[in-house]
Amino acid sequence: MGNSEILVDATAGVQKRKIFSAEEIYQLELEKVFGRCWLFLTHESEIPKSGDFVTTFMGEDRVLVVRQADRSVKAFLNSCRHRGNQVCRAESGNLRSFICSYHGWTYGIDGSLINVPLEKECYGSPVDKTNLGLAPVAKVENFNGFVFGCLDPEAPSLREYLGEMAWYMETFTSGGRAELLGPPLKSVLHTNWKLPAENFACDGYHVGWTHAAALKVAPAGPLGQLAGNTGINTTEAPGIQIATRHGHGFGCIWNAASSIHRGTALNDYLLSKQPEVAKRLGEWRGKLFMAHWDATIFPNCSFLYATNTFKVWQPKGPGEIEVWTWSMVDKEMSSELKRNVQKEAIRTFGTAGTFESDDAVNFHGCMRTNRGPQTRKGQLTNSMAVGFDKTHPELPGVISELSFIGETAGRNFYRFWDEVMDAANWDEIRAANSHWTEDWLAPETRDTNGNGRNQSDHFEHRQTQVAGK
Amino acid sequence: MASASVSPDLHQQVLQFYYREARLFSGKQYRQWLEAMVDREIHYWLPIADLRYRADRRPPPEFVPSIYDDNYDDLEERIRRLETGLVWMEDPPSRIRHLTTNVEVYGTDVASEFDSFSNFLVCRNTEDTDETLTIGAREDRLRLRDGNLTLLRRKVILGQRVIKDTNLYFLM
């Protein structure tokens with residue numbers, strides 16, 4: 001955080017309550033997290049043609065994302081260089097130019113200023129348009145069709161940023177096979193953006209209790225049996241937790257693909273594709289292809305693979321977000337199956353979703369308590385199965401094989417949040433790449449140089465770091 | 001679509017139908033509503049659209065996202081979820097009030113079916129202080145059978161692009 005206060009001890013799995021409610025922390029997040037990390041913008045399938053555009057947010061900045069004549073995608077701050085007015089007021093469309101509604105300044109789809117009305121008559125001399133184009137988003141890149149932007153020119157490439165998470169996401173996105181069906185549903189939640197992001201990264205724990213009602217009426221199966229959180233009825237570990245560099249992570253339940261959807265159409269489709277995926281990407285990703293995933297790409301993009309919902313948590317202050325929800329399908333699916341998958345995804349995780357509706361009461365409840373000046377002191381925990389986080393001979397990242405119910409990916413989320421809030425720049429973050437797990441992993445998997453630390457050592461280490469600033 | 005006005009008696013019957021529906025909704029007596037007032041062939045639909053410029057010539061998306069795209073069994077399942085007693089948001093219960101206004105009724109090509117337009121206002125109170133208003137329009141197809149009206153199709157139209165309530169898990 002760059003001050004004397006420790007806000008996160010990810011090794012112990014605790015974080016201060018104030019990170020969810022303090023306005024000054026939120027303002028820093030807009031700079032240090034949303035101003036520097038890669039953020040989801042759109043999917044290529046939403047803007048297929050030259051001049052196609054969507055408008056969205058990067059943190060609280062309004063941005064315009066446009067398909068160029070050369071098929072590349074550019075993004076700009078959606079703000080006229082004259083008085084700052086929003087140059088594009090639609091959510092999507094196809095245009096040859098963007099005309100500001102205030103005085104008519106006109107920008108090309110490449111962001112360049114191409115016309116200033118009454119220039120000759122009223123400016124006296126020609127306006128130098130070369131420096132008055134729309135401010136570009138520093139980097140726009142896509143991963144298998146998913147378009148992300150980054151406002152920091154010093155950031156690593158999207159591929160490096162996704163890192164090991166990209167290895168996992170190849171499972172269902174390779175070759176650009178996944179696409180999103182928009183426009184997104186949008187709704188307000190009175191919560192901090194980190195709560196749902198953390199929830200999607202790791203929280204299999206809440207499924208059986210929060211969603212007990214939805215599970216009671218859902219199809220019986222690997223998820224249905226969780227209703228009531230009374231026990232997990234399987235003979236083997238039902239899944240794992242996975243955490244990767246830069247705060248990304250997910251929990252997966254083996255052999256649970258499509259288990260929230262009714263009917264067998266999606267499962268039959270995935271089964272028909274599974275042998276090819278296993279052959280091309282190997283046995284583990286073949287297994288992951290038939291798993292159910294709850295995942296977060298740091299900071300604010302989450303998805304449920306095999307429930308086919310894809311979300312962005314747009315921050316609107318420390319205590320409010322907009323939830324944007326797309327349905328995620330495979331391009332090769334028949335139109336009938338796409339429609340069916342979209343219906344099931346929205347029925348469960350849309351704005352009136354049978355599962356979605358359960359979450360708001362808790363996300364809201366976690367926030368409204370913080371109005372109490374005594375309540376908001378202290379810390380909250382993310383310590384489930386601390387000590388079980390390990391490296392794995394075949395799976396990249398940090399893995400907990402104890403259960404899909406865990407907080408490994410949650411600890412990782414706050415670990416990176418703390419790191420990015422603390423770091424002066426991307427070079428500092430890069431410098432930690434080679435040893436980002438050293439003070440974290442369980443003793444038996446620590447490196448042979450004895451770099452592992454126990455929890456109290458970690459706290460002292462962090463305090464020394466902070467004191468040295 | 002709408003052709004001829006209907007008799008005052010039928011208009012009165014439709015008004016009574018909507019007032020009864022609003023009363024059942026306000027009491028969350030959704031199963032009574034389903035069983036007494038809804039046709040087995042119901043399509044209950046709440047599509048969404050993004051904000052586009054008037055001159056936008058692009059067709060709507062092939063797969064229109066819909067907050068509700070329910071048939072009879074889908075509605076029944078939603079109601080069954082509420083009846084489990086495990087919906088924490090409803091315990092303590094929210095309070096909800098439905099108003100229905102601006103009712104117009106017209107005959108159609110089918111003698112036993114009528115089109116109607118109406119507006120609604122829903123006020124939902126949750127927890128101790130939270131209150132949301134949802135205002136919208138409905139385009140309904142009603143069916144008259146043995147003197148009883150049932151709801152055959154409903155399209156709900158909302159002005160909110162970003163839904164201000166935390167969810168729309170209530171019927172409109």
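Lettering follows sequence order; numbering is per chain, from 1.
Judged by distance alone, the side chain of W88(B) and the main-chain N or O of W209(A) form a donor-acceptor pair under 3.5 Å.
Interface remark: D50(B) contributes backbone and side-chain atoms alike to the contact with chain A (heavy atom separation under 4.5 Å). Neither the backbone nor the side chain of S327(A) comes within contact range of chain B; no heavy atom of the residue lies under 4.5 Å from a heavy atom of that chain. Of the two parts of E356(A), neither the backbone nor the side chain holds a non-hydrogen atom closer than 4.5 Å to a non-hydrogen atom of chain B. With a 4.5 angstrom heavy-atom cutoff, R78(B) touches chain A only via side-chain atoms. Both the backbone and the side chain of R89(A) come within contact range of chain B, with heavy atoms under 4.5 Å apart. Contacts between A213(A) and chain B at a heavy-atom distance below 4.5 Å involve backbone atoms as well as side-chain atoms. Contacts of T55(A) with chain B are absent, with no heavy-atom separation under 4.5 Å from either backbone or side chain. Heavy atoms of E62(B) lying under 4.5 Å from chain A belong to its backbone as well as its side chain. For P65(B), the parts lying near chain A are the backbone and the side chain together; criterion is any non-hydrogen pair under 4.5 Å.
In this structure, D358(A) and R81(B) have side chains that are in contact, with non-hydrogen atoms separated by less than 4.5 Å.
Counting all heavy atoms, side chain and backbone alike, F63(B) lies closest to S335(A) at CE2-O, 3.5 Å. Contact detail for P183(A) and P61(B): the closest heavy-atom pair is CD-CG, 3.9 Å. Taking each heavy atom of E127(B) and V361(A) in turn, the nearest pair found is OE2-CG2, 3.8 Å.
Between the CG atom in D69(B) and the CZ atom in R339(A) there is a gap of 9.5 Å [rounded to 0.5 Å]. Taken to the nearest 0.5 Å, the OG atom of S66(B) stands 6.5 Å off from the CD atom of Q342(A). Summarising the geometry, atom CD1 belonging to I48(B) is positioned 4.5 Å from atom CG belonging to L185(A); distances are rounded to the nearest 0.5 Å.
The residues R58(B) and D52(A) are annotated as not salt-bridged, no charged nitrogen and carboxylate oxygen being separated by less than 4.0 angstrom. The pair R368(A)-D128(B) meets the salt-bridge criterion, since a charged nitrogen lies less than 4.0 angstrom from a carboxylate oxygen.
Across L46(B), D56(B), D74(B), the residue that shares the most heavy-atom pairs under 4.5 angstrom with chain A is D74(B). In terms of non-hydrogen atom pairs under 4.5 Å with chain A, the most contact-rich of R52(B), M89(B), E77(B), R57(B) is E77(B). Here S357(A) is the residue among S357(A), C88(A), A345(A), A360(A) with the most heavy-atom pairs under 4.5 Å with chain B. For the set L181(A), D359(A), L95(A), the entry with the most heavy-atom pairs within less than 4.5 Å of chain B is L181(A).
In this pair, Y53(B) and F53(A) present their aromatic rings tilted. The plane angle is within the 30 to 60° band.
Within residues 159-172 of chain B, the residues having any heavy atom closer than 4.5 Å to a heavy atom of chain A are R161(B), V162(B), I163(B), K164(B), D165(B), T166(B), N167(B), L168(B), Y169(B), listed by residue number.
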Inset, instruction - Check step by step if side-chain contact (heavy atoms from CB on, under 4.5 Å) holds for D130(B) and H190(A). - result: CA-CA 11 Å; D130(B) 296 350; H190(A) 300 285; 5.8 Å; no
